[in-house]
Novice: 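Attaching a single structure in structure tokens format; questions to follow.
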2 protein chains.
Amino acid sequence: MAQSAPVEPRVRRTQAERRDESARNLLRAATEVIAGQGVTAATFEAIGARAGYSRGLATQKFGSKQGLIEALIAWLHARQDEVLGAHGVDAMPGLEAVLTYVDLYLRDLGRQDEGRAYFMLLAGAVADRSLLRAAFAASHERVERRLEAMVLRGQAEGAIRREMDADAAALMIGSLLLGLSIQSLIDPDMDLEPIRATTLATVRLSFATTP
Amino acid sequence: MAQSAPVEPRVRRTQAERRDESARNLLRAATEVIAGQGVTAATFEAIGARAGYSRGLATQKFGSKQGLIEALIAWLHARQDEVLGAHGVDAMPGLEAVLTYVDLYLRDLGRQDEGRAYFMLLAGAVADRSLLRAAFAASHERVERRLEAMVLRGQAEGAIRREMDADAAALMIGSLLLGLSIQSLIDPDMDLEPIRATTLATVRLSFATTP
DNA sequence: ACTTAATTGTTGGATGACAAGCAAGTGTAG
DNA sequence: CTACACTTGCTTGTCATCCAACAATTAAGT
């Protein structure tokens with residue numbers, strides 16, 4: 001008998017499948033256009049064409065440009081969490097967790113369209129003083145709470161200096177990673193390898209207790 | 001007899017005076033509009049109105065929007081050099097120079113319109129993949145060469161670890177400051193004081209040789 | 001010194017490009 | 001055949017840019 005599990009692409013899809021697929025296609029297309037040509041170039045026309053649809057569909061699906069961008073940010077943010085969340089970082093000892101997080105972050109900096117589009121949208125929000133700034137602030141806040149928890153854990157374990165202000169340290173690490181992300185968008189040719197090594201060494205030397 | 005020294009505002013100004021003054025007024029107005037309302041809001045109309053002129057003047061003086069922005073960046077950059085250059089940092093011992101530079105930078109982060117406008121323009125260039133990115137890259141390059149020189153000096157003096165990659169360290173410091181600048185534009189309410197202290201402590205602990 | 005012509009600084013209406021939003025339409029899946 | 005995904009023509013608004021007129025300044029001529 002033929003294959004009973006319809007895993008292969010069926011010719012006939014339900015309405016819900018079509019709808020969800022086109023929404024995903026639009027978000028993916030928007031990501032690619034932004035990463036490749038910039039935020040301003042991401043018009044409904046460009047996004048629709050890239051996704052293989054007309055210019056009107058995105059308006060219909062997301063209500064407005066603002067709606068599309070908000071959905072896109074949420075989508076990109078979820079993706080980013082996937083990448084940086086699935087490595088069991090939060091189960092490691094504190095110091096090791098911080099170092100691993102920084103290491104992972106720097107290893108795929110600017111490697112994928114998703115990360116680049118995210119920071120380009122962030123840059124656009126900063127440039128235009130858009131209200132979306134609050135969304136990015138909240139997102140950074142979450143990352144920094146996570147880093148702060150790692151630092152506090154490391155201090156409880158005796159591996160990280162107790163004099164260190166965990167809150168400020170988390171914000172410092174977060175801002176360093178943000179700065180490197182932006183810098184890599186300004187100068188795509190920069191060599192991240194020595195930066196990664198030096199950053200890790202710096203964090204270790206300044207965070208670790210000296211017995 | 002009447003006053004012979006015409007120091008007071010004359011009613012009659014020379015053409016050169018009018019021209020230079022209006023150019024300066026336009027650049028200052030552009031800075032204020034960008035810092036206050038964002039890059040997109042900085043139309044010829046808004047800038048002209050703020051400076052007390054018509055919308056046509058900026059085009060006439062700078063040729064095009066692009067020309068205005070380029071002139072503005074050059075102007076802002078010169079201003080920034082003034083602020084961070086006049087403290088004799090380059091004459092200090094290396095480690096102290098790095099620490100002083102970071103300290104000075106963080107003390108007036110986001111305090112003035114000029115700095116904010118500069119980073120908002122940078123953000124706009126990143127968001128739009130504008131060719132101006134190269135100008136910002138060059139500017140950062142200069143700052144990083146300066147920081148690298150400080151690190152090398154500190155190593156020659158025996159105050160900074162010799163294992164440290166001076167080039168990477170300079171890029172790391174520069175990116176940290178960039179990241180903090182962007183972060184302060186995303187979240188203007190952030191408290192910079194603990195960050196400053198923690199950053200200085202971090203740099204000192206990781207850079208300084210342990211005797 | 002005064003007048004007048006040439007130059008330069010400044011204005012604001014007209015134009016065209018471009019993109020978002022809308023609404024009426026077409027086609028296709030269930 | 002009907003509900004829903006999707007398209008297309010149109011309207012509206014915004015902005016940079018062009019340009020011809022206007023105003024202030026300088027230079028020349030008498």
Side-chain angles (χ1 to χ4, degrees), chain A residues 6 9-30 33-34 37-72 121 124 127-132, chain B residues 2 6 9-30 33-34 37-72 121 124-125 127-132:
Chain A
R10 279 168 299 171
V11 207
R12 225 175 158 80
R13 296 161 303 164
T14 68
Q15 299 274 51
E17 278 174 335
R18 290 184 68 188
R19 190 183 48 192
D20 292 353
E21 185 184 328
S22 61
R24 255 183 295 113
N25 286 339
L26 285 171
L27 290 175
R28 187 180 39 72
V33 172
I34 289 174
Q37 296 157 252
V39 174
T40 299
T43 65
F44 283 138
E45 176 132 33
I47 295 169
R50 177 120 200 165
Y53 299 103
S54 72
R55 68 191 145 77
L57 186 56
T59 313
Q60 176 122 5
K61 285 199 137 25
F62 300 101
S64 65
K65 190 71 180 277
Q66 168 103 347
L68 169 65
I69 299 295
E70 281 170 11
L72 183 54
L121 284 167
D128 286 349
R129 288 184 73 75
S130 141
L131 293 177
L132 289 171
Chain B
R10 279 167 298 170
V11 211
R12 204 178 171 83
R13 295 164 303 165
T14 67
Q15 297 277 53
E17 280 173 333
R18 291 181 67 191
R19 189 184 46 195
D20 293 352
E21 186 184 326
S22 61
R24 255 182 296 113
N25 285 340
L26 285 171
L27 290 174
R28 187 179 39 72
V33 172
I34 289 173
Q37 296 157 251
V39 174
T40 300
T43 65
F44 282 138
E45 176 132 35
I47 294 169
R50 176 120 201 166
Y53 299 101
S54 74
R55 69 190 149 74
L57 186 56
T59 314
Q60 171 75 17
K61 284 196 136 27
F62 300 101
S64 65
K65 191 71 181 277
Q66 167 106 346
L68 169 64
I69 299 296
E70 280 170 12
L72 183 54
L121 284 167
D128 286 349
R129 287 185 74 76
S130 141
L131 293 176
L132 289 170

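Proteins get letters first, then strands, A, B, ... in listed order; numbering begins at 1 in each.
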Novice: With respect to A:Phe62, which candidate in A:Ile69, A:Leu72, A:Leu68 satisfies the side-chain contact (heavy atoms from CB on, under 4.5 Å) definition?
Specialist: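 Of the listed options, the one satisfying the test is A:Leu68.
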Novice: Rounded off to whole Å, could you give me the OH-to-P distance for the A:Tyr53 and D:dT7 pair?
Specialist: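 Taking OH of A:Tyr53 and P of D:dT7, I get 8 Å after rounding.
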Novice: If you assign A:Thr43 and A:Gly63 each to the DNA chain C nucleotide with the nearest heavy atom, which residue ends up on the more 5' nucleotide?
Specialist: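 Its nearest nucleotide being more 5', the pick is A:Thr43.
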Novice: Between B:Thr59 and D:dC18, is there a contact of a side-chain N or O with OP1 or OP2 at under 4.0 Å?
Specialist: no
Novice: Could you walk me through whether B:Lys61 and B:Arg19 pass the side chain to side chain contact (heavy atoms under 4.5 Å, CB included) test, one step at a time?
Specialist: CA-CA 9 Å; B:Lys61 284 196 136 27; B:Arg19 189 184 46 195; 3.6 Å; yes
Novice: At their closest point, which heavy atom of B:Ala42 faces which heavy atom of B:Ile34, and how far apart are they?
Specialist: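 So the two residues come closest at CB-CG1, 3.7 Å.
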Novice: Nearest whole angstrom, please: distance from the P of C:dT8 to the CD of B:Glu21.
Specialist: 20 Å
Novice: Nearest to the B:Lys65 side chain among D:dA16, C:dT10, D:dA5, which nucleotide is it?
Specialist: D:dA16
Novice: Rounding to a whole Å, what distance do you find between A:Arg19:CZ and C:dT28:C1'?
Specialist: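 A:Arg19 atom CZ is separated from C:dT28 atom C1' by 16 Å.
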Novice: How about A:Glu45: does its CD atom have over 12 heavy atoms from other parts shown lying under 6.0 Å from it?
Specialist: no
Novice: Which listed nucleotide (D:dT7, C:dT10, D:dA16) is nearest to the side chain of B:Lys61?
Specialist: C:dT10
Novice: To the nearest angstrom, how far is A:Arg24 atom CZ from D:dA5 atom P?
Specialist: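 Computing the A:Arg24:CZ to D:dA5:P distance gives 15 Å.
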Novice: Can you tell me how far C1' of D:dC6 sits from CG of A:Leu26, to the nearest Å?
Specialist: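 Spelled out: CG on A:Leu26 to C1' on D:dC6 is 11 Å.
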Novice: Roughly how many Å is it from CD in B:Gln60 to C1' in D:dA21, rounded to a whole number?
Specialist: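 Atom-to-atom, B:Gln60 to D:dA21, this comes out as 13 Å.
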Novice: Remember a base hit wins even if backbone is also touched, and classify A:Glu45 as base, sugar-phosphate or nothing at under 4.0 Å, heavy atoms.
Specialist: nothing
Novice: Under 4.5 Å between any side-chain heavy atoms of B:Leu27 and B:Arg24, yes or no?
Specialist: no
Novice: Take the protein atom CG of B:Asp20 and the nucleotide atom C1' of D:dT25, then report the distance between them rounded to whole Å.
Specialist: 15 Å
Novice: Should the side chain of B:Arg55 and the base of C:dT10 be counted as holding a donor-acceptor pair, with the cut-off at 3.5 Å?
Specialist: no
Novice: Could you please name the option among D:dT7, D:dA5, D:dA16 that lies closest to any side-chain atom of A:Ser54?
Specialist: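 The answer is D:dT7, which lies nearest to the side chain.
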Novice: For A:Phe44 and C:dA20, give me the distance from atom CZ to atom C1', rounded to whole Å.
Specialist: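 Rounded to whole Å, this separation is 7 Å.
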